[in-house]
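If you're wondering where the values come from, they're calculated on a predicted model, not measured in any experiment.
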Amino acid sequence: DVKVTQSSRYLVKRTGEKVFLECVQDMDHENMFWYRQDPGLGLRLIYFSYDVKMKEKGDIPEGYSVSREKKERFSLILESASTNQTSMYLCASRISTVVNQPQHFGDGTRLSIL
Amino acid sequence: DQQVKQNSPSLSVQEGRISILNCDYTNSMFDYFLWYKKYPAEGPTFLISISSIKDKNEDGRFTVFLNKSAKHLSLHIVPSQPGDSAVYFCAASDLLNRDDKIIFGKGTRLHILP
(Lines give C-alpha, C1' and ligand atoms only; values in the text may rest on other atoms or scores of the structure.)
Protein backbone atom coordinates (compact mmCIF):
# COMPACT_ATOMS: atom_id res chain seq x y z
CA ASP A 1 0.00 0.00 0.00
CA VAL A 2 1.11 3.52 -0.76
CA LYS A 3 1.89 5.54 2.32
CA VAL A 4 1.82 9.31 2.19
CA THR A 5 2.76 10.85 5.50
CA GLN A 6 2.24 14.45 6.48
CA SER A 7 4.38 15.54 9.39
CA SER A 8 1.67 17.23 11.44
CA ARG A 9 -2.06 16.60 11.77
CA TYR A 10 -2.70 19.93 13.48
CA LEU A 11 -0.61 23.08 13.48
CA VAL A 12 -1.17 26.53 14.96
CA LYS A 13 1.01 29.43 13.81
CA ARG A 14 0.97 33.21 14.02
CA THR A 15 0.52 35.77 11.26
CA GLY A 16 3.81 36.57 9.58
CA GLU A 17 5.55 33.35 10.54
CA LYS A 18 7.28 31.20 7.96
CA VAL A 19 5.56 27.81 8.01
CA PHE A 20 6.82 24.50 6.65
CA LEU A 21 4.51 21.59 5.88
CA GLU A 22 6.29 18.35 5.14
CA CYS A 23 5.13 15.36 3.13
CA VAL A 24 6.88 12.04 2.55
CA GLN A 25 5.85 9.13 0.33
CA ASP A 26 7.36 5.67 0.39
CA MET A 27 6.54 4.33 -3.05
CA ASP A 28 9.13 6.05 -5.24
CA HIS A 29 6.39 8.08 -6.94
CA GLU A 30 7.52 10.69 -9.41
CA ASN A 31 4.67 13.13 -8.95
CA MET A 32 3.70 14.94 -5.77
CA PHE A 33 1.02 17.53 -5.12
CA TRP A 34 -0.14 20.01 -2.51
CA TYR A 35 -3.82 20.95 -2.21
CA ARG A 36 -5.86 22.92 0.23
CA GLN A 37 -9.44 22.04 1.08
CA ASP A 38 -11.90 24.68 2.18
CA PRO A 39 -15.65 24.34 2.78
CA GLY A 40 -17.62 24.85 -0.41
CA LEU A 41 -14.47 25.13 -2.53
CA GLY A 42 -13.37 21.52 -2.76
CA LEU A 43 -9.71 20.66 -3.37
CA ARG A 44 -7.62 23.38 -4.95
CA LEU A 45 -4.17 22.66 -6.30
CA ILE A 46 -1.40 24.87 -4.91
CA TYR A 47 1.75 23.38 -6.43
CA PHE A 48 2.88 20.09 -7.91
CA SER A 49 6.13 18.44 -8.87
CA TYR A 50 6.89 15.97 -11.63
CA ASP A 51 10.23 14.92 -10.24
CA VAL A 52 13.10 15.98 -8.03
CA LYS A 53 13.94 19.69 -8.29
CA MET A 54 10.91 20.25 -10.54
CA LYS A 55 7.88 22.29 -9.58
CA GLU A 56 4.83 23.69 -11.31
CA LYS A 57 2.28 26.23 -10.11
CA GLY A 58 -1.20 25.01 -9.55
CA ASP A 59 -4.34 27.12 -9.41
CA ILE A 60 -3.61 29.09 -6.23
CA PRO A 61 0.18 29.41 -5.75
CA GLU A 62 0.19 32.94 -4.34
CA GLY A 63 1.72 33.11 -0.88
CA TYR A 64 3.22 29.62 -1.16
CA SER A 65 6.43 28.02 -2.37
CA VAL A 66 7.60 24.42 -2.52
CA SER A 67 10.78 22.39 -2.33
CA ARG A 68 11.54 18.95 -3.71
CA GLU A 69 15.17 18.12 -3.00
CA LYS A 70 14.57 14.39 -2.68
CA LYS A 71 12.11 12.22 -4.58
CA GLU A 72 10.25 11.08 -1.50
CA ARG A 73 9.78 14.48 0.11
CA PHE A 74 7.74 17.49 -0.98
CA SER A 75 7.60 20.53 1.28
CA LEU A 76 5.08 23.35 1.19
CA ILE A 77 6.26 26.70 2.52
CA LEU A 78 4.10 29.60 3.60
CA GLU A 79 6.53 32.49 3.27
CA SER A 80 4.65 34.83 5.61
CA ALA A 81 1.54 33.19 7.00
CA SER A 82 -1.73 35.08 6.85
CA THR A 83 -5.12 34.29 8.37
CA ASN A 84 -6.61 33.47 4.95
CA GLN A 85 -4.21 30.55 4.78
CA THR A 86 -6.02 28.80 7.61
CA SER A 87 -7.13 25.60 5.94
CA MET A 88 -6.79 21.84 5.61
CA TYR A 89 -3.67 21.06 3.56
CA LEU A 90 -3.47 17.77 1.69
CA CYS A 91 -0.42 16.19 0.11
CA ALA A 92 -0.74 13.56 -2.60
CA SER A 93 1.55 11.44 -4.73
CA ARG A 94 1.14 9.60 -7.99
CA ILE A 95 3.39 7.10 -9.70
CA SER A 96 3.91 9.17 -12.86
CA THR A 97 2.12 10.93 -15.67
CA VAL A 98 2.73 8.08 -18.10
CA VAL A 99 -0.14 5.87 -17.05
CA ASN A 100 -3.63 6.39 -15.73
CA GLN A 101 -3.21 6.01 -12.02
CA PRO A 102 -4.91 7.71 -9.09
CA GLN A 103 -3.30 10.05 -6.63
CA HIS A 104 -2.81 8.82 -3.08
CA PHE A 105 -3.38 11.31 -0.29
CA GLY A 106 -2.00 11.83 3.18
CA ASP A 107 -4.31 12.43 6.12
CA GLY A 108 -3.94 16.18 5.92
CA THR A 109 -2.63 18.98 8.10
CA ARG A 110 -5.17 21.30 9.63
CA LEU A 111 -3.37 24.63 9.84
CA SER A 112 -4.65 27.55 11.87
CA ILE A 113 -3.07 30.98 11.47
CA LEU A 114 -3.82 33.30 14.38
CA ASP B 1 -14.36 28.51 -14.46
CA GLN B 2 -15.10 25.08 -13.05
CA GLN B 3 -14.09 22.27 -15.33
CA VAL B 4 -15.53 19.59 -13.03
CA LYS B 5 -18.90 20.27 -11.45
CA GLN B 6 -20.76 18.46 -8.73
CA ASN B 7 -24.02 20.34 -8.58
CA SER B 8 -25.43 18.65 -5.49
CA PRO B 9 -23.65 19.76 -2.32
CA SER B 10 -25.41 17.06 -0.35
CA LEU B 11 -27.52 13.95 -0.78
CA SER B 12 -29.47 11.83 1.72
CA VAL B 13 -30.26 8.18 0.98
CA GLN B 14 -31.92 5.47 3.01
CA GLU B 15 -29.69 2.59 4.06
CA GLY B 16 -30.00 -0.29 1.62
CA ARG B 17 -31.12 1.90 -1.27
CA ILE B 18 -29.06 3.07 -4.24
CA SER B 19 -26.98 6.24 -3.95
CA ILE B 20 -26.33 8.09 -7.21
CA LEU B 21 -23.77 10.86 -7.23
CA ASN B 22 -23.45 12.97 -10.35
CA CYS B 23 -20.63 14.89 -11.96
CA ASP B 24 -20.40 17.01 -15.11
CA TYR B 25 -17.29 18.21 -16.89
CA THR B 26 -16.61 20.78 -19.58
CA ASN B 27 -13.22 19.78 -21.01
CA SER B 28 -13.69 17.24 -23.82
CA MET B 29 -9.97 16.38 -23.59
CA PHE B 30 -10.40 14.70 -20.20
CA ASP B 31 -9.70 11.00 -20.64
CA TYR B 32 -9.48 9.65 -17.11
CA PHE B 33 -12.04 10.08 -14.36
CA LEU B 34 -11.88 9.21 -10.68
CA TRP B 35 -14.03 9.18 -7.58
CA TYR B 36 -12.59 9.77 -4.13
CA LYS B 37 -14.23 9.40 -0.75
CA LYS B 38 -13.31 11.58 2.21
CA TYR B 39 -14.13 11.24 5.87
CA PRO B 40 -13.68 14.25 8.19
CA ALA B 41 -10.09 14.78 9.40
CA GLU B 42 -8.75 12.25 6.89
CA GLY B 43 -7.32 12.54 3.42
CA PRO B 44 -9.36 11.49 0.39
CA THR B 45 -9.14 7.82 -0.49
CA PHE B 46 -9.35 6.58 -4.05
CA LEU B 47 -12.56 4.70 -4.76
CA ILE B 48 -12.90 3.88 -8.44
CA SER B 49 -11.83 5.21 -11.82
CA ILE B 50 -12.78 4.95 -15.46
CA SER B 51 -10.91 5.58 -18.67
CA SER B 52 -12.63 7.39 -21.51
CA ILE B 53 -12.48 4.27 -23.67
CA LYS B 54 -15.06 2.65 -21.37
CA ASP B 55 -18.57 3.62 -20.38
CA LYS B 56 -18.83 1.55 -17.21
CA ASN B 57 -16.56 0.25 -14.51
CA GLU B 58 -17.67 -1.82 -11.55
CA ASP B 59 -15.98 -2.68 -8.28
CA GLY B 60 -18.15 -4.42 -5.73
CA ARG B 61 -20.93 -2.11 -4.61
CA PHE B 62 -19.51 0.78 -6.63
CA THR B 63 -20.15 1.40 -10.32
CA VAL B 64 -19.08 4.41 -12.33
CA PHE B 65 -20.85 5.28 -15.57
CA LEU B 66 -19.41 7.61 -18.18
CA ASN B 67 -21.44 9.37 -20.87
CA LYS B 68 -18.91 11.15 -23.03
CA SER B 69 -21.41 12.78 -25.34
CA ALA B 70 -23.12 14.40 -22.35
CA LYS B 71 -19.83 15.00 -20.53
CA HIS B 72 -21.37 13.36 -17.51
CA LEU B 73 -20.36 10.65 -15.09
CA SER B 74 -22.08 9.14 -12.14
CA LEU B 75 -21.21 6.93 -9.20
CA HIS B 76 -23.72 4.33 -8.08
CA ILE B 77 -23.48 2.72 -4.66
CA VAL B 78 -25.68 -0.33 -4.17
CA PRO B 79 -26.71 -1.10 -1.51
CA SER B 80 -25.86 2.01 0.50
CA GLN B 81 -24.38 1.37 3.94
CA PRO B 82 -23.86 3.65 6.96
CA GLY B 83 -20.09 3.67 6.37
CA ASP B 84 -20.71 5.26 2.98
CA SER B 85 -21.58 8.55 4.69
CA ALA B 86 -18.75 10.82 3.55
CA VAL B 87 -17.88 13.53 1.06
CA TYR B 88 -17.38 12.24 -2.47
CA PHE B 89 -15.15 14.06 -4.93
CA CYS B 90 -15.29 13.59 -8.66
CA ALA B 91 -12.02 14.24 -10.50
CA ALA B 92 -10.76 14.26 -14.07
CA SER B 93 -7.48 14.48 -15.91
CA ASP B 94 -6.15 14.79 -19.44
CA LEU B 95 -3.31 12.32 -19.65
CA LEU B 96 -2.04 13.65 -22.96
CA ASN B 97 -1.59 17.11 -21.49
CA ARG B 98 1.87 17.31 -19.98
CA ASP B 99 0.51 19.36 -17.11
CA ASP B 100 -1.50 16.34 -16.02
CA LYS B 101 -3.32 18.12 -13.26
CA ILE B 102 -6.16 16.15 -11.74
CA ILE B 103 -9.08 18.55 -11.50
CA PHE B 104 -11.47 18.01 -8.61
CA GLY B 105 -15.09 18.94 -8.18
CA LYS B 106 -16.26 20.64 -5.00
CA GLY B 107 -17.66 17.44 -3.55
CA THR B 108 -21.03 15.98 -2.57
CA ARG B 109 -21.76 15.09 1.04
CA LEU B 110 -23.62 11.78 1.19
CA HIS B 111 -25.72 10.99 4.27
CA ILE B 112 -26.93 7.43 4.65
CA LEU B 113 -30.05 7.41 6.80
CA PRO B 114 -30.85 4.46 9.08
Side-chain angles (χ1 to χ4, degrees), chain A residues 1-6 8-11 21 23 25 27 29-51 54-61 87-111, chain B residues 1-10 21 23-25 27 29-54 57 59 62 64 66 86-109:
Chain A
D1 268 0
V2 176
K3 184 71 175 174
V4 179
T5 304
Q6 295 184 230
S8 304
R9 292 297 301 273
Y10 301 94
L11 207 53
L21 301 183
C23 175
Q25 50 92 6
M27 286 301 292
H29 283 180
E30 289 183 4
N31 306 156
M32 296 188 75
F33 306 80
W34 274 106
Y35 293 87
R36 60 179 283 178
Q37 184 197 2
D38 300 288
L41 297 178
L43 275 67
R44 293 183 292 166
L45 181 63
I46 305 171
Y47 265 97
F48 60 108
S49 168
Y50 288 118
D51 208 335
M54 298 177 71
K55 60 184 178 184
E56 299 277 349
K57 291 181 180 179
D59 299 317
I60 51 164
S87 185
M88 167 73 95
Y89 288 87
L90 292 159
C91 175
S93 74
R94 179 177 176 177
I95 186 165
S96 78
T97 57
V98 174
V99 293
N100 277 328
Q101 287 291 320
Q103 294 177 337
H104 298 271
F105 284 84
D107 281 337
T109 297
R110 184 160 293 282
L111 175 64
Chain B
D1 185 29
Q2 274 186 272
Q3 295 189 65
V4 177
K5 299 179 185 179
Q6 294 177 257
N7 292 319
S8 299
S10 67
L21 296 100
C23 179
D24 297 296
Y25 61 95
N27 187 346
M29 297 302 291
F30 285 148
D31 56 9
Y32 182 55
F33 303 89
L34 311 94
W35 284 94
Y36 283 83
K37 175 180 177 180
K38 186 181 185 300
Y39 292 120
E42 292 184 13
T45 53
F46 169 69
L47 204 52
I48 192 168
S49 64
I50 188 167
S51 167
S52 59
I53 61 173
K54 295 185 174 182
N57 188 28
D59 183 1
F62 302 93
V64 56
L66 176 62
V87 176
Y88 289 79
F89 290 100
C90 171
S93 73
D94 169 13
L95 187 66
L96 293 179
N97 182 349
R98 182 68 179 92
D99 284 342
D100 189 40
K101 290 187 267 190
I102 293 185
I103 310 297
F104 286 84
K106 292 185 178 180
T108 296
R109 184 176 297 277

Give me the atom names and distance for the closest heavy-atom approach of [X] to [Y].
X         : Y        : result
Lys106(B) : Gln6(B)  : N-OE1, 3.8 Å
Ser49(A)  : Met54(A) : OG-O, 2.6 Å
Cys91(A)  : Met32(A) : SG-CE, 4.1 Å
Ser51(B)  : Leu66(B) : O-CD2, 4.0 Å

Check your understanding: Tell me, do Leu21(B) and Ser8(B) make a side-chain contact under 4.5 Å, heavy atoms counted?
Key -> no
Point to revise | When Pro102(A), Pro39(A), Gly40(A), Gly58(A) are compared by non-hydrogen pairs under 4.5 Å with chain B, the top option | key: Pro102(A)
Practice item. Quick one: which of Arg44(A), Arg9(A), Met88(A) has the most heavy-atom pairs under 4.5 Å with chain B, could you say? Key: Arg9(A)
Exercise for review: Please flag which part of Gln37(A) lies under 4.5 Å from any non-hydrogen atom of chain B: side chain, backbone, both or neither.
Suggested key: side chain
Practice item. Give, as side chain, backbone, both or neither, the part of Leu90(A) having an atom under 4.5 angstrom from any heavy atom of chain B. Key: side chain
Review point. By a 4.5 Å heavy-atom criterion (distance strictly below it), what part of Pro9(B) contacts chain A: side chain, backbone, both, or neither?
Key: neither
Point to revise | Proximity breakdown for Tyr39(B) and chain A, heavy-atom pairs closer than 4.5 Å | key: neither
Revision key, fill the gap. Among Ala41(B), Ala91(B), Gly107(B), the residue with the most heavy-atom pairs under 4.5 Å to chain A is Ala41(B)
Review point. Do Ser8(A) side-chain atoms and Thr109(A) backbone N/O form a donor-acceptor pair below 3.5 Å?
Key: no
